[in-house]
Amino acid sequence: MDPALGRDGTTASAPAAANTVPVVARPLARDGFNAQSLGRGLNAHVKQARVLMVGAGGIGCELLKNLVLTGFGEVHVVDLDTIDLSNLNRQFLFRQEHIKKSKALVAKEVAEKFNPAVKIVAHHANIKDAQFSLEWFSGFTMVFNALDNLDARRHVNKMCLAADVPLIESGTTGFNGQVQVIKKGVTACYDCSPKETPKTFPVCTIRSTPSQPIHCIVWAKSYLLNEIFGLSEDESAFDYSADGDNAKEIAELKRESEALRKIRESVGSPEFHEMIFDKVFNADIVRLRSMEEMWKTRKPPEPLVYSDLLEKAAEALASKDAVLQNDQKVWSLEENLVVFKDSLDRLSQRVLEMKKAVAEGTAQDAIITFDKDDNDTLDFVAASANLRSALFGIDPKSKFDIKQMAGNIIPAIATTNAIVAGLCVLEAFKVLRGEYDKAKEVFLTPFAPARLLASDRSREPNPDCPVCGVFQTRAYVDLSRATLNDLVEDFLKLQLGYGGKDLSVSNEVGILYDPDETDNLDKKLSDLGIKPDSFLTITDEDDEDPFVNVVVAIQEAKQPLEDKPIRGVALENIKIPTKPKKTPAPEAASTVGPDSRIPSEGVSEVLPPAKRPHPESSSEDVVEVVTKKARTVPVIADDDIVVIDDGSWGGGAIVIDDSD
Amino acid sequence: MTEIIMSQTPPILHAPSEKERKYDRQLRLWAASGQSALESANILLVNSGVGAVGAETLKNLVLPGIGRFAIYDEAVVQEADLGINFFLDESWLGRSRSQGLTELISELNPDVQGTWYPSENVKTLESLLVDDSQFTIILYTLPIRQGQLAQLEAYGQRHKTPLVAIHSAGFYSYFQLNLPGAFPIVDTHPDETATTDLRLLSPWPELVAFAEELTKDIDNLDNFEHGHLPYVVILLHYLGQWKASHNGNPPSTYKEKSEFRKLIQAAARTDNAEGGEENFDEAAAAVLKTLATPSLPSGLKEVFDHEHTSPAEQRSGFWLIADAVKQFYEKHGCLPLPGKLPDMKAQSKVYVQLQNIYKAKARKDAAEILEAVRAMPGGDRVDASEVELFCKNAAFVKLVNATGGPHAKTSPASRLKAVAEQEFSNDESASLTLSPLSLLPIYLALQATSHHVDSATPPRADNILAAIAERVPGAERNERVIQAAQEVVRAAGGELHNVAALTGGLVAQETIKIVTKQYIPIDNTCVYDGIAGRCQVLRL
């Protein structure tokens, strides 16, 4: 390279070595290297591509840079999040001054400077919003998932399958990561293999018989904090279903919660700490101890006495600030009391101010919910969890560890994201060329000595997959008048070929219609909670040669429909396949080929997702709700669920081999 | 001598908690010790060639917070740089690429100090390297002038500084770690479950006494106590019984262990409400894993067998501790106890007692080793915490590059020939064994253009093949080598941003392992094929 010529006069003088180097020019244009390596054809495809990137976090920042420099013509970025300090160690498009701003908007602003030829469109919004309709998805050449949660990943997967847009799915955890190409009917979709669902705990384990630190942390975060400052008990963290035998205890726990809610009204009074403390670390514990049955095989908890502990805490109180600073150390019982008191004060103060604002009409509600980056809530949860652990003889944890467990923190670094984002774009080249046979599922194998990446040919779709193993179609509906009966009689039976068959119609909540469940037939679809972009699953109940399940995406009719309020697309071509006869699982597909070794830690194929419908009411004594009626349900936010990290990530994969 | 670009904006002094918050997600991988090593690091990037891969690598090191970096880059920013190098925009056209990259990469993290060369005072790489500044590690991108490479290699040997070579062209890339000698790692982060060491086959007196006390009247324990015997105690008790009927020998073959497992299963009480006992289930499940005769792990054996290549190496804390552990092993026939007790069904009180027995033994072993270290010349400088860490991880200590470095018995040239022979012969049977084809051809083709710094005349296939023939005679006729050479020609010395970014991620990851001395870095060359989407690590 030429070190000297062309250097402008303001920089340092030319190095002496310049004399010995041949003078060369590099006449390449801006995309010269791309044209050279990609070849003209692919380079042109790249420039014409219109892609969607969902998520502008760790992978997203790297990916956006790669897309921009590779020259993708138009990139849409959707992210709901704002920038946090803890993002800056890897999300390199963001700086200190961007904290609290929209990730999508800042990412666009920063990245578009680096290639004026690329158009970036930012959406500071939730990808599940109605504005991101099926039609909108259909407008992209491909979609990149750079997400951090199961719920959004599943949503995009479903939308891409319905719109038949290829999806490049990726994820990282610490040093591990993976990339996969999802193309309807060609490769496996995100839901073709069951995913580990967030863990819930039996309510009695949390409220009555904790045995691990996580149980006390969930108690502090989802029960205590919520009862005192939040919207009351966080149902999603608890599993009531396994507790059929404990109906009596659950009723008792319900009474306890109510009593705690009453104390909540005393927020701001000088006795507030003591009232809460006495209630949850003494009175409730004394009651628990009296349940002798429960302690036959367990050590009963020891109630704490506020005044006794406070007396011993004089020293810890004096060094309060130092205690609060030290999040790596495991606090002593007295130190936990100090943090408990102090954080309770801070939270009370905040709630009082919020209440004032509500009274003045400048705020909507006065509630505080857990946020791992909100130090007040974290301190309160850490101290309360440790105090509870002490009662039950469970090891306390440092605030640093509790933050990870309560906040569901996944370790993350720049390097892994850089590798994964690079892999995403390489797979995108294959998608642009339509070379799905060459598409790979790639895993990072940071602890495999012989290679750092393992790639496998893409898996084939799982014929039994509830998401992609179905026939997908759309129905254009006049939602102002269409009833379920119109759907069943006019659309399914007449247009889709279900005439003479037994069928059932269901949505994500439950069954809307089957031969025994006809109450809803006269209801309007809109009254059943069906909106544009709702998905309905049609199951053929016949035993002989049944149709595969059909998923109908409901679309708002654009022009007024004349006689019938429902119309399908391209009807003359529709032929629903029948379910395949059961054949042995095609496992060979993933074990042949040169690159077939999948690392064991790469995929989490364990528990099938819980199929338990959630009740619409918040009654606590629900045991197992089996309902055939559809209801409208609140969707569980991912962040509210504590996931136990089983430690299978991150460690070296060293196994002691028993040589026998 | 050095010019500090960032002097106009002094680094912001963050409160410690703010810094911890910023680095929170990575502290969970390498802890405060790793972070502090990163923050003490001073990294030199000699950016040659197109240079995008160098910038991408450095970005991934500046973000997690290395202490300082310097870029030596003689190039002037041109239009093509803008299309591939994210950090450069139009305002840099015609100006020093080194300065541009330094300023823009520094913006990523105000905690990091960046410097650029050539500068007013330091005009050549040679003068930079004679400067007394000590670099923790040097990264250089290829192609590079032969003379400069020689200067870097000399510096590496003189200062025992690791060098990392990086070459990215088109869809291909490779990088090579060149460590200055044997590189020991104590904090290898083994899998938690693998670190359990219960010593059931060679228990010490306190453990034996504890188990005997709990089980002396095992048949008359009530159901609660029987159902809460820790599985460690159960196994020790029945091992005693087994040995009594087997000439004092523990179960050793798979068959015997299966029998022993059945013995345990049969000893569980089933006349209770649960119809079985969880602690006995745990004991049965642990038989195969915990009753293996301990052997010296291969990584540690390599440490024990290592011949020191310099007196300085021998006096380092690691090697003093290693010698003491070796003495300990020779004397006791076992390694110091790590001391961790896994969770198991037990009464809390009993579990805590048992835990303390393991902890006390671990402390005793560590104290014995510390004493031995202290008795050695220079041993008084060794930190007790370093001894503790070694003892806890002894079974997983790893020596990287044990036989490499300047004192290696085989030269790099003859190693390459040997590896080539092996790889090509594997490839011949690859279709039968279904093993992936070697990526060595890519390395050979890229390597042949290591010094092709003249971008006006792109490399030619016949030149590449001729250079390969010199290093590995015969390889130039290999079909896949010819294909790789053609692909390198097609790339014409250009980088693909995306491959550079990916490679930069891989290189930075390995660099972090070396700097933090945590996790095991690759040994020693990683070749990436972006067409097939594969990676291979070769020991060259």
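On a predicted model such as this, the values are computed, not experimentally measured, just so you know. Each chain gets a letter, A, B and so on, in the order its sequence line appears, and its residues count up from 1.
Both the backbone and the side chain of A:S86 come within contact range of chain B, judged by heavy atoms closer than 4.5 Å. Contact of B:L88 with chain A is made through the backbone alone, with heavy-atom distances under 4.5 Å. For chain B, no part of A:Q91 is nearby; none of its heavy atoms comes within less than 4.5 Å. There is no contact between B:N109 and chain A, counting heavy-atom distances below 4.5 Å. If you measure heavy-atom distances from A:N115 to chain B, you find no contacts under 4.5 Å at all. Only the backbone of B:I531 comes within contact range of chain A, with at least one heavy atom under 4.5 Å from a heavy atom of that chain. Proximity to chain A is absent for every atom of B:V62, based on heavy atoms less than 4.5 angstrom apart. Both the backbone and the side chain of B:Q536 have a heavy atom closer than 4.5 Å to some heavy atom of chain A. The part of B:K513 that comes within reach of chain A is its side chain, from C-beta onward, which places non-hydrogen atoms under 4.5 angstrom from that chain. There is no contact between B:N223 and chain A, counting heavy-atom distances below 4.5 Å. Heavy atoms of B:E90 lying under 4.5 Å from chain A belong exclusively to its side chain. A:A117 does not touch chain B: none of its heavy atoms, backbone or side chain, sits under 4.5 Å away. Contact of A:I410 with chain B is made through the backbone alone, with heavy-atom distances under 4.5 Å. Contacts between A:S211 and chain B at a heavy-atom distance below 4.5 Å are absent for every atom of the residue. Of the two parts of A:F400, the backbone and the side chain both hold a non-hydrogen atom closer than 4.5 Å to a non-hydrogen atom of chain B. Residue B:E487 does not touch chain A at all, counting heavy-atom pairs closer than 4.5 Å.
Considering only heavy-atom pairs separated by less than 4.5 Å from chain B, the leading option among A:K438, A:Q328, A:K403, A:K113 is A:K403. Among A:A412, A:G71, A:A414, the residue making the largest number of heavy-atom pairs under 4.5 Å with chain B is A:A412. Chosen from B:V499, B:L538, B:L82, the residue pairing most often with chain A at heavy-atom distances under 4.5 Å is B:L82. Contact count versus chain A (heavy atoms, under 4.5 Å) is highest, among B:L439, B:L506, B:D89, B:L61, for B:L506. No other option in A:I413, A:T70, A:L423 has as many heavy-atom pairs under 4.5 Å with chain B as A:I413. The candidate from B:N85, B:L125, B:V507, B:D24 with the greatest count of non-hydrogen atom pairs under 4.5 Å with chain A is B:D24.
The residues B:K345 and B:E278 are annotated as salt-bridged, a charged nitrogen and a carboxylate oxygen being separated by less than 4.0 angstrom. Note on B:E56 versus A:K65: salt bridge recorded, some NZ/NE/NH1/NH2 to OD/OE distance being below 4.0 Å. Between B:R534 and B:D529, none of the side-chain N atoms (NZ, or NE/NH1/NH2) sits under 4.0 Å from a carboxylate O, so this pair counts as no salt bridge. Using a 4.0 Å cut-off between a side-chain N of Lys or Arg and a carboxylate O of Asp or Glu, A:R95 and A:E97 do not qualify as a salt bridge. Taking the charged nitrogens against the carboxylate oxygens, B:D111 and B:K19 have no contact shorter than 4.0 Å, which rules out a salt bridge.
A:F92 carries B:K59 over the face of its six-membered ring, with the cationic atom under 6.0 Å from the centre and within 45° of the normal.
Contact record, A:F72 with A:A428: CZ-CB, 4.2 Å, taken as the closest heavy-atom pair.
A:T445 contributes a side-chain N or O that, together with a main-chain N or O of A:L452, makes up a donor-acceptor pair within less than 3.5 Å. Put simply, the side chain of B:N60 never gets that close to the backbone of A:T416: no donor and acceptor are under 3.5 Å apart. Under a 3.5 Å cut-off, the side chain of B:S98 and the backbone N or O of B:Y117 do form a donor-acceptor pair.
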Subject >> Audit row: B:Q26, A:N89, side-chain hydrogen bond (donor to acceptor under 3.5 Å, both in side chains) steps and yes/no >> reply: CA-CA 8 Å; B:Q26 66 199 39; A:N89 79 325; 2.6 Å; yes
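In the model, A:N43 has no side-chain atom that pairs as donor or acceptor with a side-chain atom of A:N34 under 3.5 Å.
A distance of 6.0 Å or more separates the ring centres of B:F171 and B:Y528.
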